[in-house]
Protein chains: 2
Amino acid sequence: MDEHGTCGQHDHAHAHPHGPVRTAELVARAERLAQDLGLQFTTLRRRTLEVVAEEGRPLGAYDIAERLSVPGKRVAAVSVYRALDFLTEHGLVHRIASRNAFVPCEHGHGAGESAVFLICRSCGSVDETISAEIERSLDRTLAQAGFKPASRIVEIEGECGACQGRQGVE
Amino acid sequence: MDEHGTCGQHDHAHAHPHGPVRTAELVARAERLAQDLGLQFTTLRRRTLEVVAEEGRPLGAYDIAERLSVPGKRVAAVSVYRALDFLTEHGLVHRIASRNAFVPCEHGHGAGESAVFLICRSCGSVDETISAEIERSLDRTLAQAGFKPASRIVEIEGECGACQGRQGVE
DNA sequence: GCCCTGCCTGTTACAGTGTAACGACCGACC
DNA sequence: GGTCGGTCGTTACACTGTAACAGGCAGGGC
C-alpha cells in the first residue's frame, strides 16, 4: 500500500534482474484505479497491460497487437493504440519516445512525477528510476527559463550494469 | 546584417528568446568542422541544415524534403534522412524524439554534452538549454544505478514564457 | 590515361508508426 | 422503449524510417 512514502531513498524496484514486473500486481492496481475513478478496465485493456508487463523489454504497438491476436481473432493495432492511450494516461505503462515502444510502469508513482528510463543498448532492457534530485534541478532550470512543464521525458541510452559485466557479448 | 528585420513581414510564432538561430553561423561551423575532420559538407547537407535552421520550429524529414524540392527536381525523404544522420552525428542539428522532428543546435556545445529541450505545446517552439546541475544529478543517478550512459534525451513539454503571457488564443 | 575505391546521392520498395472517420455494440440512465 | 456516452472493429490513409541496389563523382595508384 504505502508505496509512495517508502520510496524516498534510492530504493527502487528492480524488475529485470529478477524477471518481469509483477503482472498481477499491476493489474490489481489498474482495477483499483478504475474502480476509484469510475473507469472501465476492459478485457482489451487488461490483456494489453498483461502483454506489456510480461515482456522484459519495450514492445511496439504492432508487436502487442500480434501477441493479442489468435488465428480466428485478429486485434488491430488501432485498438491497441487506444488501450495504450488509456494505460499511459493513468500511469500504468510508459511510452519510450526514443523507441516508439511501451513498458510497464515499475513504480506506483503518480502520473505527475517524472521517471528516468535507462535503456540498455545491449540487452534492450529498460529500467525505471526516480530521482528527487533530478526533479529538483529540472524544476529549477524550468523556473529559471520561465517554462511551465506539463510532461517530462528523460531517457538515457547506454549499457546496463549486467551487460557491462559480460562485456564481450555472446 | 540585420537579424531582426528578417522576420518583420510575417507573424510566425517565434520561438527563440534571442531570435532564430543564425543560419550562416551554423553553416560556418559545419564548414569548419568538415574541414577539420576531412568530411564532405555537401550541397544537400548544407541545404538541409539551412532549411532546419531557418524554421522556427521542429521540422519532420518529409517537411524538409518538401522544402528542398522544386518542381523539376524532387528530393526524396531518404536522402534527407541521410543528411540528417550526418548533421545529428556532428551536433549540428538535434532530433526531438517526442516529435520525430529536427531542430538546429542552438549551442556550440560538443556532442558529448546533454541538452534540455523545452517544447511549447502552444506555439510549437523548441528552446534548448544546458544545465550543469541537471547533468550532475543525472550522472550521480546513473553511477548509482551502475549504468554507463551513451546518449541522453531530456525533453520537457509545456508552455513557454511567451505563451503564458498571452494566455488565451490569438 | 585508366582503373579502382570510397563516399554520396537517386530510386524503388517496404516495414513500422500513428490517426481520422464511420459504424456497431453495450451498459447506464431517463 | 429511447437516448447518450464510451468502447471496440474496421477501413483508409498519412507519416516515419530503413534496406538494397544503381549511378556519379573525386582522389589515388598504376
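In what follows, chains carry the letters A, B, and so on, assigned in the order in which the sequence lines appear, proteins first and then strands, with residues in each chain numbered from 1. Side chains included, hydrogens not; waters and symmetry mates left out as well; all remaining heavy atoms used.
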### Message
Rounded to whole Å, how long is the line connecting atom CZ of B:R74 with atom P of C:dT9?
### Response
16 Å

### Query
Closest nucleotide of DNA chain C for B:V75 versus for A:F102: which of these residues is on the 5' side?
B:V75

### Query
Is it the case that B:E128 and B:H94 place a side-chain donor and acceptor less than 3.5 Å from each other?
yes

#### Entry: Side-chain heavy atoms of B:V27 within contact of B:R46, under 4.5 Å
yes

### Task
Within residues 35-45 of chain A, find the residues that approach DNA chain D with a heavy atom at under 4.0 Å, and present them sorted by residue number.
A:Q40, A:T42, A:L44, A:R45

### Message
I'd like to know if the side chain of B:S69 and the backbone of B:A65 have a donor-acceptor N/O pair within less than 3.5 Å.
### Response
yes

### Query
Is it true that the side chains of A:E155 and A:S98 contain a donor and an acceptor less than 3.5 Å apart?
yes

### Message
Using side-chain heavy atoms (C-beta onward) and a distance below 4.5 Å, is A:L92 in contact with A:V52?
### Response
no

### Query
To the nearest angstrom, how far is A:L84 atom CG from C:dT17 atom C1'?
12 Å

### Query
Where do B:R95 and B:T88 come nearest, in terms of heavy atoms and distance?
N-CG2, 4.5 Å

### Boundaries of the DNA chain D segment in contact with chain B, non-hydrogen, under 4.0 Å
D:dT16 to D:dA20

### Query
Think A:R45 forms a cation-pi with A:F86, using NZ or CZ under 6.0 Å from the six-ring centre and within 45 degrees of its axis?
yes

### Message
In the structure I gave you, are the side-chain heavy atoms of A:R152 and A:D139 within less than 4.5 Å of one another anywhere?
### Response
yes

### Query
Given C:dG16, is OP1 or OP2 found less than 4.0 Å from the side-chain N or O atoms of A:N100?
no

### Message
Check this for me, if you would: do B:E133 and A:R140 make a salt bridge, where the nitrogen-to-carboxylate-oxygen distance has to be below 4.0 angstrom?
### Response
yes

### Query
Is a donor-acceptor contact shorter than 3.5 angstrom present between the side chain of A:R82 and the base of C:dG18?
no

### Message
Strictly below 4.0 Å, N to O, side chains only: are B:E54 and B:R67 in salt-bridge contact?
### Response
no

### Query
According to a strict under-4.0 Å criterion, is A:R95 in side-chain N/O contact with OP1 or OP2 of C:dG18?
yes

### Query
Taking atom P of C:dC14 as reference, at what distance in whole Å does atom OH of B:Y81 sit?
19 Å

### Message
Students often get this wrong, so: under 4.0 angstrom with heavy atoms, is A:V78 touching a base, only sugar-phosphate, or nothing?
### Response
base

#### Entry: Members of residues 61-70 of chain A that approach DNA chain C, where some heavy atom sits under 4.0 Å away
A:Y62

### Task
Measure from the side-chain N and O atoms of B:R99 to the backbone N and O of B:P58, and report whether any donor-acceptor pair falls under 3.5 Å.
no

